[in-house]
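A quick write-up on the structure given underneath.
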Amino acid sequence: MARYSPKEVEPKWRAAWDEAGAFHAETGSPKPKYYVLEMFPYPSGQLHVGHTRNYAMGDVVARFKRARGFNVLHPMGWDAFGLPAENAAAERGVDPAAWTWDNISRMREELKRLGLSIDWSRELATCDPAYYGRQQAWFLKLLERGLVYRKEGQVNWDPVDMTVLANEQVIDGRGWRSGAVVERRKLTQWFLRITDYADALLDGLKTLDRWPDKVRLMQENWIGRSQGLRLTFALSHDGPIEGVSVYTTRPDTLFGASFVAIAPDHPVAERLADGDSAVSAFVATARKGGTSEAEIESAEKLGWDTGLKVIHPFAPERLLPVWIANFVLMDYGTGAIFGCPAHDQRDLDFARKYDLPVTPVVLPAGEDATVFHVKQEAYVGPGRIYNSGFMDGLDIEAAKTAAVARAEALRIGEGATVYRLRDWGVARQRGWGCPIPVVHCGDCGVVSVPTDQLPVRIPQGLDFTQPGNALARHPTWKHVSCPRCGGPAERETDTLDTFVDSSWYFARFTDVDAETVIDKDAADYWLPVDQYIGGVEHAVLHLLYARFVTRALADEGMLSVKEPFAGLFTQGMVTHETYRRQSGEWLEPRAVDVRGEGLDRRGFAADTDEPIVIGDAEKMSKSKRNVVAPGDIANTYGVDAARLFVLSDSPPERDVQWTSGGVEGSWRLVNRIWAEFDQDSGDDSPDGIDEAATLALRRHTHKAIKAVTETIEGFRFNSAIARLYEFVAVVRTARSSACSRQSRHEALSALARLVGPFAPHLAEECWLRLGESGLLATAPWPEWDSALTEDDEQVLPVQINGKRRGEVLAPRGATSEEVQSLVFQNEDIVKRLEGLTIRKVIVVTDRIVNIVAA
RNA sequence: GCGGAUGUGGCGGAACUGGUAGACGCACUGGAUUUAGGUUCCAGCGCCGAAAGGCGUGGAGGUUCGAGUCCUCUCAUCCGCACCA
């Protein structure tokens, strides 16, 4: 018996699949379609184990569905624009395009080595003019429809990457890539009107029943729809302004108002600051923060009394002061609020600091209106409205309705829906990206590049050695004549956010060679993606943008689906322990020798034998050197063992910790499986067939088929692999009994096919050894016979007062009476019951018996 | 602060609608083969206990014949949002 040799076996089968075109997806096939997609990678040039896990999951699904008779589309592409290429260009003087394409070809080879069942004829790269040119085409369509606009506004500026970021890309006040503290700047920017789709995107979430609740919730919160009242407070006397418009979700507390506050960026504040150095000094202080860490931590409320007074809309005799306050945000609602300190904690903090009145208007049940007070904690619970004129006695909801109605009747406000979601700023000041295909003309303004002149290509020879936008610095590229008037004009030098590139690639995959942006027939056939797989880190960013663009393109008539991804699965990361010398230097796993277990587990440097600090398992990263290269693993154990391991140790949605022991376990499984095939299956025993053993083997086979099928369908790959371990053990044991030749063949044939999605090369080799014709990759999935998945007899545990005290062997489906008679014939149990009075006997068919006795 | 998730052996984790807790893997222990083995095979492995038995799914209550699973409270960890009016 030869040891299984992945080095020889694996390449052989990859070539065979290629040659047979086994993974070619035929658009329009009458078979039911199934589109499985993993989030496409950035071509960094190096595959890591995280990729291996992500793509192995998709491949399990793809291979399984193919075997189940589906016409499967499983494509691969490259999210190829982005800063790393510019950084490489700056550091090494290479051309970003050359660098990127080079990485792509390297990574393609590494990915192919994983044995993924991908239709490589559909490969695409976002940096290919054939792709981004079509992106420019639909961008212009959206521009025509008013979904793209330019606006001067406050933007998030990443001082390290020297570019603008969308709100979604600012995390804890820092750039999502660079980690640098983001600054606020005023710039003219390109926006996509995603807010037009806020309701649609929110409502659409309800239809995504195969998405994780967590992701839907995150998107829901991100969109942040709220219902309230927009209301204008009129100025009490003539002044520099007419009034202040505020937004509130608590119009029921209007009678508790004791001040109006506006944001430091509010036009009124800016007007007042203009020419008043004291005001402008305050505005500058208040505005400073919002992003810096210190500012976020100290939530100190700052205010400035403008001296202006506004009239309470429902009680004109009352005047409220207008303050400028740092806790009011310009970009939410109207940038102004009314303060009701009794029922809002922030307003209360502010009121206490500046000694403003606190008037409760919501009375909690059981409190006495004459003594109820709000001290340091605002009351935000339910209750009855009081101190509130026409709203007195109403509950909160009724009062809200009444307040809105009154405001509308007085023509000073109206019910309003407000969103947290802002429009998507898509322009980036970068050279290595999809150019925004417009021209600025002094006479005609912004002019679209005519369709027949697309794609607007990135020019050769950009200079990336200086920070900032290389495209803008190019000596000639931007100088063109206006497509409309022919006069001198300049190209737009901003490029599109790379999230635009990834917001429609799944549609392009349905026909990568389409002359149009998207081939409608192909898209209608394949979309939506049935199963999308990727990291949770894209829960809001990519997944929200892709949903938006899909709807926008659908409204443009390019697509029929409204939601791109019918099923979503968010997989966990691959982590590894971290190792550090006493000096603080990080060590690679291979440079560390780990001994002992539990609390005595210690690490030593392989070179000096000095003690090493073993840190927690963390996401693999270059900086901590806790990285294991998939290539190295494949060289040692083969890719099948690596695929098995990344899926076996943890449920797919959770992180998995890479351990060398773990892969070795998978490698043992590979060999154990092979050992079952690598021998003469032989003839039936001359002494006759053991019918009982044969039946037992067949039952195990059918149970295994059922269990593996159901666990794959439920995305419980770790459990599926556990069932494989068990089944191999059964098959091995059966070798020593006289099972029929036929039953052995049935078992092995099933085993090979069940292994197929996880360890496809091994499975093919087994299939060949079994003498089956054709590729296992295109063979049908085994079926199970439900008559064989359940035993005729089973052991029923017998409990006395809920504690297990024995067991009986009962036929399947035995009635309560039958089971009870067996139980009371059982000596052990009878002995246990001596001296006790039986109160009740519960028999759960085929499950358990519980005797209640005292 | 708001919202959400998760707590099970030395470790990763199983357990479908409440029904034998700890499948499967790792680590470990003993044995066999080989003895160059860090190979392979067999067995053991939640805790206490010699055993009988008892105790065990973060903690405290509760519902139930029966709870890892359901309910209430609580603690811890992780994630998302964060002065959102």
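Naming convention: chains lettered A, B, ... in sequence-line order (proteins, then strands); numbering from 1 in each chain.
Across all strands shown, B:A23 remains unpaired; no Watson-Crick or G-U wobble contact has both distances below 3.5 Å. Figure legend. B:A36 is base-paired to no nucleotide; pairs are counted as Watson-Crick or G-U wobble with both atom distances under 3.5 Å. Taking a pair to require two hydrogen-bonding distances under 3.5 Å in either a Watson-Crick or a G-U wobble arrangement, B:C55 pairs with B:G46. With a 3.5 Å ceiling on both atom-pair distances, the Watson-Crick or G-U wobble partner of B:G1 is B:C81. In this structure B:U17 sits in no base pair that meets the Watson-Crick or G-U test at under 3.5 Å. Shown here, B:G7 forms a base pair with B:C75; the pair counts as Watson-Crick or G-U wobble because both key distances fall under 3.5 Å.
In this structure, the side chain of A:S737 engages the main chain of A:A734 through a donor-acceptor pair within 3.5 Å. A donor-acceptor pair under 3.5 Å links the side-chain atoms of A:R352 to the main chain of A:K375, judged by distance alone. Looking at A:D423, its side chain does come within 3.5 Å of a backbone N or O of A:T195 through a donor-acceptor pair.
Regarding contacts with the backbone of B:A85, every side-chain N or O of A:R420 stays at 4.0 angstrom or more from both OP1 and OP2. Between A:R216 and B:G4, a side-chain N or O to OP1/OP2 separation shorter than 4.0 Å is absent. Neither OP1 nor OP2 of B:A14 sits under 4.0 Å from any side-chain N or O of A:R723. Side-chain N/O atoms of A:R654 include none lying less than 4.0 angstrom from OP1 or OP2 on B:G12.
Spacing of P atoms, B:U57 relative to B:C11, comes out at 15 Å, to the nearest Å. Only the P atoms considered, B:G7 is 8 Å distant from B:G58, to the nearest whole Å. B:A23 sits 13 Å from B:A14 when the P atoms are compared, rounded to a whole Å. When the P atom is used for both B:G22 and B:C16, the distance is 13 Å, rounded to whole Å. When the C1' atom is used for both B:U74 and B:U6, the distance is 16 Å, rounded to whole Å. B:G56 and B:A67 have their C1' atoms separated by 14 Å, with the value rounded to a whole Å. As rounded to the nearest Å, B:G68 and B:G59 have P atoms that lie 11 Å from one another. B:A43 and B:C26 are spaced 15 Å apart, taking the P atom of each and rounding to whole Å.
Counting to the nearest Å, the C1' atom of B:G4 and the CE atom of A:M218 are 10 Å from each other. Distance A:R832 CZ to B:G54 P: 7 Å, rounded to the nearest Å. Here the C1' atom of nucleotide B:U64 and the CD atom of A:Q799 are 12 Å apart, to the nearest Å. Counting to the nearest Å, the C1' atom of B:A27 and the CZ atom of A:R668 are 11 Å from each other. Spacing between atom CD of A:Q219 and atom P of B:C81 amounts to 12 Å, rounded to whole angstrom units. Atom pair A:D213:CG and B:U6:P shows a separation of 10 Å (rounding to whole Å applied). Atom NE2 in A:H700 sits about 16 Å away from atom P in B:A23, given to the nearest Å. Protein atom CZ of A:R716 is 17 Å distant from nucleotide atom C1' of B:G12, rounded to whole Å.
Residues that satisfy the ring pair (Phe, Tyr, Trp, His ring centres under 6.0 Å) test with A:F327, not counting sequence neighbours, are A:F350.
Outside the 6.0 Å centre-distance limit, the rings of A:Y725 and A:F727 are not counted as a close aromatic pair. Ring pair A:W658/A:F645: centre-to-centre distance below 6.0 Å.
Residue contacts shown for A:S648 are absent, as no nucleic acid heavy atom lies under 4.0 Å away. Residue A:R672 is in sugar-phosphate contact alone, with no base atom involved, counting any heavy-atom pair closer than 4.0 Å across all strands shown. The residue A:G333 sits apart from the nucleic acid: no heavy atom pair falls under 4.0 Å. At the heavy-atom level, A:L217 lies under 4.0 Å from the strands shown only through sugar-phosphate atoms. Among the atoms of the strands shown, base atoms are found under 4.0 Å from some heavy atom of A:V844. As judged by a 4.0 angstrom heavy-atom cut-off over every strand, A:V536 is placed among residues making no nucleic acid contact. Among the protein residues, A:N850 comes within range of the nucleic acid bases, having at least one heavy atom under 4.0 Å from a base atom.
Set against B:C65, B:A15, B:G13, the side chain of A:S719 has B:A15 as its closest nucleotide. Relative to the side chain of A:A722, the nucleotides B:G19, B:C24, B:A85 differ in distance, and B:C24 lies closest. In this structure, the nucleotide among B:G19, B:G12, B:U20 sitting nearest to the side chain of A:I842 is B:G19.
Ring geometry, A:W674 versus A:F677: the interplanar angle falls under 30°, so the pair is classed parallel (tilted spans 30 to 60°).
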Q: Start with the C-alpha gap between A:S816 and A:Q820, add the side-chain angles, then the distance that decides, and say whether side-chain hydrogen bond (donor to acceptor under 3.5 Å, both in side chains) holds.
A: CA-CA 6 Å; A:S816 177; A:Q820 287 195 39; 3.2 Å; yes

**Q.** Audit row: A:D791, A:R699, salt bridge (Lys or Arg N to Asp or Glu O under 4.0 Å) steps and yes/no
**A.** CA-CA 8 Å; A:D791 293 320; A:R699 285 195 192 285; 3.7 Å; yes

Q: I would like to know whether A:H312 and A:F338 meet ring pair (Phe, Tyr, Trp, His ring centres under 6.0 Å); could you show each step before the answer?
A: CA-CA 10 Å; A:H312 191 289; A:F338 77 81; 7.9 Å; no

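A:V536 has its side chain within reach of A:K214: a pair of non-hydrogen atoms, C-beta onward, lies under 4.5 Å apart.
With a glycosidic angle more than 90° from 0, B:G53 adopts the anti conformation.
Between A:W222 and A:G665, the residue anchored closer to the 5' end of RNA chain B is A:G665, taking for each the nucleotide with the nearest heavy atom. Map A:E807 and A:N718 each onto its nearest nucleotide of RNA chain B; the residue landing nearer the 5' end is A:N718.
Against RNA chain B, the stretch residues 725-736 of chain A makes heavy-atom approaches under 4.0 Å through A:Y725, A:E726, A:R732.
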